[in-house]
Amino acid sequence: MFSSIPDVIERFARRHYICNRNIATVVYLASRLQKPILVEGPAGVGKTELAKVLAGALDRELIRLQCYEGLDESKALYEWEYAKQLLYTQILKDKIGEVIAGAPSLKEAVERVAAQDDVFFSERFIVPRPLLRAITAPAPVVLLIDEIDKADTEFEAFLLEVLSDFQVSVPELGTIKAKHVPLVVLTSNNAREMSDALKRRCLHLYIDFPDPEQERAIILLKVPGVAERLAREVAEVVQAIRKLDLKKAPSISETLDWTRALTLLNLDTLDAGLVDDTFSAILKYEGDIRKAQAEIKEHVAKARAAALAAPAGAPDANVRH
Amino acid sequence: MDETVIGFVGLLRRNGVRVSIAESMDTFHALDLVGLGTRAAVKDTLRATLVKRGADLPAYDRLFDLYFSGIGEIVKDAESRSRAALDLDPAEYQELIEALARFLEEQGIELSELARALLRQDSARLERLLRDAAKQAGVQRIERPFQEGQFAQGMQEALGVGGAARELQLIGDALGAGDPDPRRQRLSRFVERRLQELQEMIRRLIRGELEQRDLGQRDAARVQQLAEKSFYYLSEDEIRRMKEAVAKLAQRLKNVLAVKRRSARRGKFDVKDTLRKNLQYGGVPFKIRFDRRKRVKPQIVVLCDVSDSVRNVSRFMLQLVYSLQDLYSKVRSFIFVSDIGEITKLFEEHEIHQAIDQAIRGNVINVYAHSDFGRAFRTFHREHLAAITRHTTVIVLGDARNNYNLPHEWALREIKQRAKQLIWLNPESRMTWGFGDSEMDRYQPYCDVVEECRNLNQLYRVVDRIVVG
Ligand SMILES: Nc1ncnc2c1ncn2[C@@H]1O[C@H](COP(=O)(O)OP(=O)(O)OP(=O)(O)O)[C@@H](O)[C@H]1O
Ligand SMILES: [Mg+2]
């Protein structure tokens, strides 16, 4: 359990996750109030990562349910292990024969088998899916329900039931209640609005793109061997690029990919020729790349002018040799 | 604090942020945990518990700043203005305040609470005094700008500004107005300044209160206006609202499926039935029938008219198309005048304004031709009929003004026969359908739904009606 908001910040930092006070406040509250967090925000701002780091920081198991269109209860909650059931009926064929031996009619035979069905529909034959696993786990877990906006509205309604009282009913087995209430993180990319009912049960966290200071810190943490100067320049340029009118703005993952590519090329500044070849790491559309190129040129020119204006100091070390 | 929070929740609600009782309870619990230590922490806490839609965040930020920081900020601003007026840095300013305090002590001058808070720059006390006075004067009841003076007077009385002014006057005299000593002069300028700032603080507090009222009214008016607007360059907000409408529309189209599947939710497994079904395999239960219907994705094909006769609403219609495509995977979009061309990829790869510009500017098809719905439908029938399956909803956006060309309604009929349903949204007023070169009457029999639709409000209405139909 977290002892305070700064404690969250610190434990997350130890796991290489830079979080601002707002994120830390929501995480702290969620852990204390035992409420799910609904995390929204653009792609790649660290929504999924937040849940992973949270599990690590609390030293809990992370159970992940990835949502998609058409996801249903059998994939989310449990499924009967049919092959195993079949195998058992085959092995126990003789035994079943005994049970139905001497039955006067087919109907009677069927009745007798039916009377035994709880043998086959017991916990032995159930395949627990993430939700059931989270509920039955012997120690508290972090349950990540990723990209809930991809699931259908009916699934959302079903989830709502589960999140309200953390119990599920398996018709053949009865009601199963959680031993420990899991800490739930739901993420959404806003493909659609979640229902008000779901939102009411959650604390809401909107993660936006980080500010340049934070982004620089993330780069330094996540890209080994990156030059200080490059990290700063990339963070600044990416911020500027995000302000352009783009089809898809670069996310943190793309910032990281780009910086890795640049670092592999041994660059420690954007003021170098090879930069043009690395754009595909950060932008996916031709039109976007063209717009961003202009922005980067301008940025580099400005930086260069500033460097010239500054008193001449150490020799220029643009490219490592 | 409780009352303050409840007041703030009311303010949020008046500004269209939905907050339930349960959520305000959460807020209290959360504030217990986080404490009222810093403004930022309170702001984060209220946001997490009260504001659940990303779209409401800007409004929340504005309202929070208006409501909470109000007085604190006003007091702080007044301090920095006083300091700037005397041209002092913070340390010098502090010295000045202490020098004045010493002077008052030497002179044996006793001050009222208000005068002392002003002259000692006691921000916390000032804040409290102002807050109490505002309450006493009923400032939160202000409705109109012309009432500012009346409430200012009320606050002055509640605060006892008159008395404080006389006290400060006396101090000024004691400091010797004409004294040539520059230090003395500075002190008396400070005293004078603080009195002015007190009036300014009152004025700003009342103005802030008025702005909170205003914000609500302004926003409501803007939303209304926005919804009636037929053609325009689209603002962020319009795009967001369009997305919401389209999401609703798509839900309606989908719900038909959803209802069916919900009734087929998995119940208790029936051994008897399974055995019966498997008798043919010698009693080995070979087939087990969990009722999991195959999922049918929503499939939408949109045909959008971009001819000159609809140019005023083209952006609106294309924005609708863009949002549909943006939100759902299986959407194919076409534009037509006389030729018909696919824009699915164009819309996928470009940002909304650009995409729409390119579509309208004639990069895809000739947009300067005369409308020919018949030809467009026939071409679609010949080249793209395979795109339509029995799961497809076809949406036609257009005015059916055919320039007296052949309407070829058979093509539309066959499209409709293959599809699940056909919806036609016509931007023209229903009263003009069928007159002049409008072929709407001829096409109508082949549509499941025909609606008038040229702006967001109408779109919302259409969506509501589709659920009934
Ligand atoms: N605050 C942060 N500190 C450190 N790393 C971060 C931070 N935010 C994001 N990252 C990194 O950015 C990458 C993308 O994060 P993640 O996959 O969690 O994003 P997401 O919001 O879930 O995206 P999507 O919506 O696409 O699923 C990860 O590699 C993650 O490590
Ligand atoms: Mg993710």
Side-chain angles (χ1 to χ4, degrees), chain A residues 5 21-22 24-26 28-30 32-33 35 37-38 40-41 69-70 72-74 79-80 82 85-86 89-90 93 96 100 106 109-111 113-114 116-117 120-121 152-154 157-158 171-172 190-194 196 199-206 245-248 285-288, chain B residues 18 20 22-23 26 29-30 33-34 38 40-41 43-45 47-55 57 243-244 247-248 250-251 254-255 257-258 261-262 265-272 275-276 279 283-286 288 290 292 294-295 297 326-329 348-355:
Chain A
I5 296 171
R21 253 199 96 95
N22 180 38
T25 304
V26 179
Y28 174 71
L29 286 173
R32 282 311 181 93
L33 298 171
K35 279 193 151 273
I37 311 177
L38 172 61
E40 293 186 294
E69 214 176 329
D72 60 11
E73 283 165 60
S74 68
E79 214 164 11
W80 289 110
Y82 179 56
Q85 287 169 326
L86 190 60
T89 52
Q90 284 302 77
K93 213 170 174 179
I96 295 170
I100 55 175
L106 186 58
V110 169
E111 288 297 345
V113 172
Q116 308 286 327
D117 65 355
F120 288 98
F121 291 90
D152 314 284
T153 36
E154 306 143 68
F158 159 72
E172 294 85 353
N190 252 323
R192 64 182 177 82
E193 281 272 335
M194 296 298 108
D196 282 350
K199 287 178 167 179
R200 268 200 300 277
R201 278 176 183 67
C202 301
L203 297 179
H204 191 258
L205 173 61
Y206 185 83
D245 199 2
L246 298 181
K247 173 91 177 155
K248 185 182 173 310
Y285 297 99
E286 206 38 61
D288 286 358
Chain B
R18 286 187 297 248
S20 69
E23 284 161 323
D26 288 344
H29 294 146
L33 278 169
V34 170
T38 69
K43 189 168 182 182
D44 288 342
T45 305
R47 178 171 34 211
T49 48
L50 296 174
V51 190
K52 310 291 173 81
R53 296 198 313 172
L57 286 175
K243 270 194 182 164
E244 262 175 34
K248 276 213 188 97
Q251 252 168 28
K254 254 168 119 174
N255 272 349
L257 287 167
R261 288 192 299 139
R262 198 170 297 132
R265 223 170 163 181
R266 181 169 60 190
K268 189 170 156 77
F269 176 76
D270 192 343
V271 180
K272 281 186 254 181
L275 277 183
R276 211 175 290 131
L279 280 175
V284 178
F286 218 66
I288 205 157
F290 279 128
R292 231 171 285 140
K294 206 171 91 219
R295 188 174 166 77
K297 289 202 178 184
D326 211 24
L327 290 171
Y328 297 93
S329 47
E348 251 162 38
E349 291 184 351
H350 291 81
E351 161 282 324
I352 183 162
H353 297 301
Q354 245 178 8

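Note that the coordinates shown come from a computational prediction; the quantities given were computed from them, not determined experimentally. The sequence lines fix the lettering, A, B, ..., with proteins before strands; numbering per chain opens at 1.
Both the backbone and the side chain of E349(B) come within contact range of chain A, each with at least one heavy atom under 4.5 Å from a heavy atom of that chain. Using a 4.5 Å cut-off between heavy atoms, L57(B) touches chain A through its side chain atoms alone. Both the backbone and the side chain of L203(A) come within contact range of chain B, judged by heavy atoms closer than 4.5 Å. For chain B, no part of K248(A) is nearby; none of its heavy atoms comes within less than 4.5 Å.
Put simply, of L246(A), D245(A), L205(A), the one with the most heavy-atom pairs under 4.5 Å next to chain B is D245(A). Residue with the most contacts toward chain B among L33(A), L29(A), D288(A): L29(A) (heavy-atom pairs, distance under 4.5 Å). Annotation: maximal heavy-atom pairing with chain B below 4.5 Å, among I37(A), N22(A), T25(A), V26(A), occurs at N22(A). Across M194(A), R32(A), R201(A), the residue that shares the most heavy-atom pairs under 4.5 angstrom with chain B is R32(A).
Proximity of a side-chain donor or acceptor of H350(B) to a complementary backbone N or O of A355(B) within less than 3.5 Å is not detected.
The residues K199(A) and D196(A) are annotated as not salt-bridged, no charged nitrogen and carboxylate oxygen being separated by less than 4.0 angstrom.
Here the closest non-hydrogen pair linking S20(B) and R200(A) is OG-CD, 3.0 Å.
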Side chain to side chain contact (heavy atoms under 4.5 Å, CB included) between R53(B) and R18(B), worked out:
CA-CA 9 Å; R53(B) 296 198 313 172; R18(B) 286 187 297 248; 3.9 Å; yes
T49(B) and E23(B): side chain to side chain contact (heavy atoms under 4.5 Å, CB included), yes or no, with the steps?
CA-CA 6 Å; T49(B) 48; E23(B) 284 161 323; 5.9 Å; no
Between I5(A) and R21(A), is a side chain to side chain contact (heavy atoms under 4.5 Å, CB included) present by the stated rule, with each step listed?
CA-CA 7 Å; I5(A) 296 171; R21(A) 253 199 96 95; 3.8 Å; yes
